[in-house]
Number of protein chains: 2
Amino acid sequence: MTTTLQDCRTLDAQDPMRSLRELFLLPDGTIYLDGNSLGVMPRSTPARVADVVTREWGTDLIQSWNKNGWFAMPGRVGDKIARLIGAAPGTVVATDSTSINLFKVLSAAINLSTADHPQRKRIVSERSNFPTDLYIAEALCKERGFELVLVEPDEIAAALTPELAILMLTHVNYRTGAMHDMPAVTAAAHAAGALMLWDLAHSAGAVPVDLIGAGADYAVGCGYKYLNGGPGAPAFVWVNPRHTDRFWQPLAGWWGHATPFAFTPDYQPAPGITRYQCGTQPMISLAALDCGVDTLLAAEALGGMAALRTKSLALTDMFISLVDERCQGHGIGLATPLDHAQRGSQVCLTMERPHAPPLRGSLPPEGAPAALGRPSGGGDSVAYAIVQALIARGVVGDYRAGDPSTGSGRTGAKDILRFGFTPLYIGFEDVWNSVEHLKQVLESGEWKRAEFNQKHAVT
Amino acid sequence: MTTTLQDCRTLDAQDPMRSLRELFLLPDGTIYLDGNSLGVMPRSTPARVADVVTREWGTDLIQSWNKNGWFAMPGRVGDKIARLIGAAPGTVVATDSTSINLFKVLSAAINLSTADHPQRKRIVSERSNFPTDLYIAEALCKERGFELVLVEPDEIAAALTPELAILMLTHVNYRTGAMHDMPAVTAAAHAAGALMLWDLAHSAGAVPVDLIGAGADYAVGCGYKYLNGGPGAPAFVWVNPRHTDRFWQPLAGWWGHATPFAFTPDYQPAPGITRYQCGTQPMISLAALDCGVDTLLAAEALGGMAALRTKSLALTDMFISLVDERCQGHGIGLATPLDHAQRGSQVCLTMERPHAPPLRGSLPPEGAPAALGRPSGGGDSVAYAIVQALIARGVVGDYRAGDPSTGSGRTGAKDILRFGFTPLYIGFEDVWNSVEHLKQVLESGEWKRAEFNQKHAVT
């Protein structure tokens, strides 16, 4: 028996988390399936931001550092994020960017590993990990005499050798939505004598995470995806308390000093996670992040991350089965695992490229802004054109170019149509409608129109 | 002949920059002499921030990265800052914090120096440089096998030895307001075969700066002081184009990649200053910084930084002479040079400590928020109490504790009362009134009241 639009409406009516949608301002005429890239604005954010700007800054000025708690904000927002990722209060700070926080914890992990196991000089990660993680690791390896080894997901177990110092993985893959078994992988890394570092960019606020339960060593994550913190919101960093005071990270700025306002010329790291702060933080953006995190804490009364997870899986199950039922015969494949235990909160579809030019052939002219999600090789991509046609209809997902040169068996080889399902604000009728639009785009062939296929277009 | 209040009013009426004050929302009843710590809010900022939040984020969502130019914002704001510091377009980015940017350029400078002069292993700075600069340098030296040597201002010339790799100075000292001769010091460093790195935290928007004219190598600066970018606004970084493409910095995130949206697993730095970007930037705070920088560009039609400098010196001259005329006999000294060529845009007064307990004796209890500007040793400080009494009267300056243990001849030994004069919005009548309040506080002895002297108070 096939699912109907009415079935989806019934599911929405019965959804115990449905009221959370009212916490957000969803643009009219848009089905927003890109919360995995940039979360939707909470209704509470504009007033909060305005208050920070006009009252806290405009009126209270310098006094706000204490009076309005600015100095403590990274820890206060961090404590809220801690509740979403299985961390204790006082062990998370919201600060800087994910890339910078990764540099801090990877530096600390290298220092710790070198002290305990000087012969271990290898960091292993996935080839299809989010690139900035790989760039930061590459830079640190170059500087510290380590080697970075990149593997496919099914090669991780074999990579847990006596040379391994740090296993660095993103919990939910940004391209495929595939999720690692955090406790099992962490235990395997530890059994091999290595440290375990998790990037929670696509996990925090999307799936239940229990860092302490898993015994992880380090974690970082993003504030502007499922935490709804706004564009470029500060990221977060967690260190297992067993390591925090033992080793240092080199971004040793005054916000990580034991007594920042003593203005002593020598650095004394603060106890605990505070030493992972560096410079002064952008308070306006941090206040917006606070509002975003509050939307997830509002879910606690309705069952919290466990209940959100149940809904998220129901949404992605529904999307997968509706695409399967209604969009056959157009070359669409599924990159996201069907197994619930291996799925994040997004669904990624693949398209065969009818003709695949070399990806790194013709780059955009120097100085030109990068085209977001545009195939950098300028080759025709069916997947890209379909995503553009969907956006023109108000269904916002995104596109990630594949790189066939990496080999067909590899995770990054195929073009991806990426759809994120944020359970806080996406409903079952949204799922139905997005698949209906996809079906119409595929059947009408409207994605073949020039406007959806322009080379080098900045979209 | 002494100056009168009427003289000050006449100066304001004749001030060709007076109209710029209307660009700011100055709180009623406050004379704000702390723009060197946190600049005042421009009137344009709340609407701009609201637009970024509600329209760009709330409505346009992910499309804003291109449609509303988010991705190019660090460079666009950087180009505006470039006009204030004698840098060419395309050579400055507004990004991250000053501490993090310093880490980038100091890393790059270490790499460059090591390539050209492997035997040079020393970084020299001032003992009274802003501490976060010293902490970052200390961390990098520790990791890279360099030594950090701290000297007094009058010892810099003697420190330009063949061992010197990098001279790292803050152009205007945060404690004293003393300004270095940037072209002369840069030339001396180069003559000694060293690289010259400037921190412009108290210079950008406060005094004219000509980085290219001086031939400097690297510079960083702050967005929330004289640039009026709001609390914790992103900072900026400049690299002389002769170095930009030659050496790398290890915070190699995707925003510094040549083709960030090609998502290649290997790092290829972007040409030019873009490679000094790392992770995604906080757009809301960056938009507020853009408004702040615009207040300085608005001064360009009225003579720009040169005219602002003329006014700034007139303001600080007036403050110094009025304190000298009207506040004698209370132990006040002047830490800021009388010579215009050596003065920034702030005036720092010193107070003899009647009794000076050891500064590092009793620190605040662990976990307590640091008391801003509060003497960390908990000792009685006349200067601290006077600043508190002035704030109670609406005259907002700040306090920096001295450390007598460093030796009486050293820059950081004395307690400081710090008054910043931002020429964009401070007038001569403000100067008169602030000195009148200081006079009354000193003569009445009201600073002796318990409320201004509470030990360990968080104020």
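Below, chains carry the letters A, B, ... as their sequence lines are ordered, and counting in each starts from 1.
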- Item | Check against side chain to side chain contact (heavy atoms under 4.5 Å, CB included), B:Val396 and A:Leu61 | CA-CA 10 Å; B:Val396 180; A:Leu61 280 158; over 6 Å; no
- Under the side chain to side chain contact (heavy atoms under 4.5 Å, CB included) rule, what do A:Ile100 and B:Ile100 come out as? Steps first, then yes or no, please. CA-CA 9 Å; A:Ile100 298 235; B:Ile100 293 209; 3.4 Å; yes
- Starting from the C-alpha separation in whole Å, work towards a yes-or-no answer on side chain to side chain contact (heavy atoms under 4.5 Å, CB included) for B:Thr264 and A:Tyr135. CA-CA 9 Å; B:Thr264 61; A:Tyr135 304 157; 3.5 Å; yes
- Task: Apply side chain to side chain contact (heavy atoms under 4.5 Å, CB included) to B:Ser97 and A:Thr280, showing your working.
- Result: CA-CA 6 Å; B:Ser97 66; A:Thr280 311; 5.7 Å; no
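A:Ser99 places no side-chain N or O within 3.5 Å of a backbone atom of B:Gly253 that could act as its donor or acceptor partner. Looking at B:Glu138, its side chain does come within 3.5 Å of a backbone N or O of A:Tyr267 through a donor-acceptor pair. With hydrogens and angles ignored, the 3.5 Å screen pairs a side-chain donor or acceptor of A:Trp57 with a backbone N or O of B:Gly39. Under a 3.5 Å cut-off, the side chain of A:Ser285 and the backbone N or O of B:Ser285 do form a donor-acceptor pair.
B:Arg144 touches chain A through its side chain: at least one heavy atom from C-beta onward sits under 4.5 Å away, while N, CA, C and O do not. For chain A, the nearby parts of B:Ala252 are the backbone and the side chain; heavy atoms of each come within less than 4.5 Å. With a 4.5 Å cut-off on non-hydrogen atoms, B:Thr98 does not touch chain A at all.
Classification of the A:Phe103-B:Phe103 ring pair by plane angle, with boundaries at 30° and 60°, yields perpendicular.
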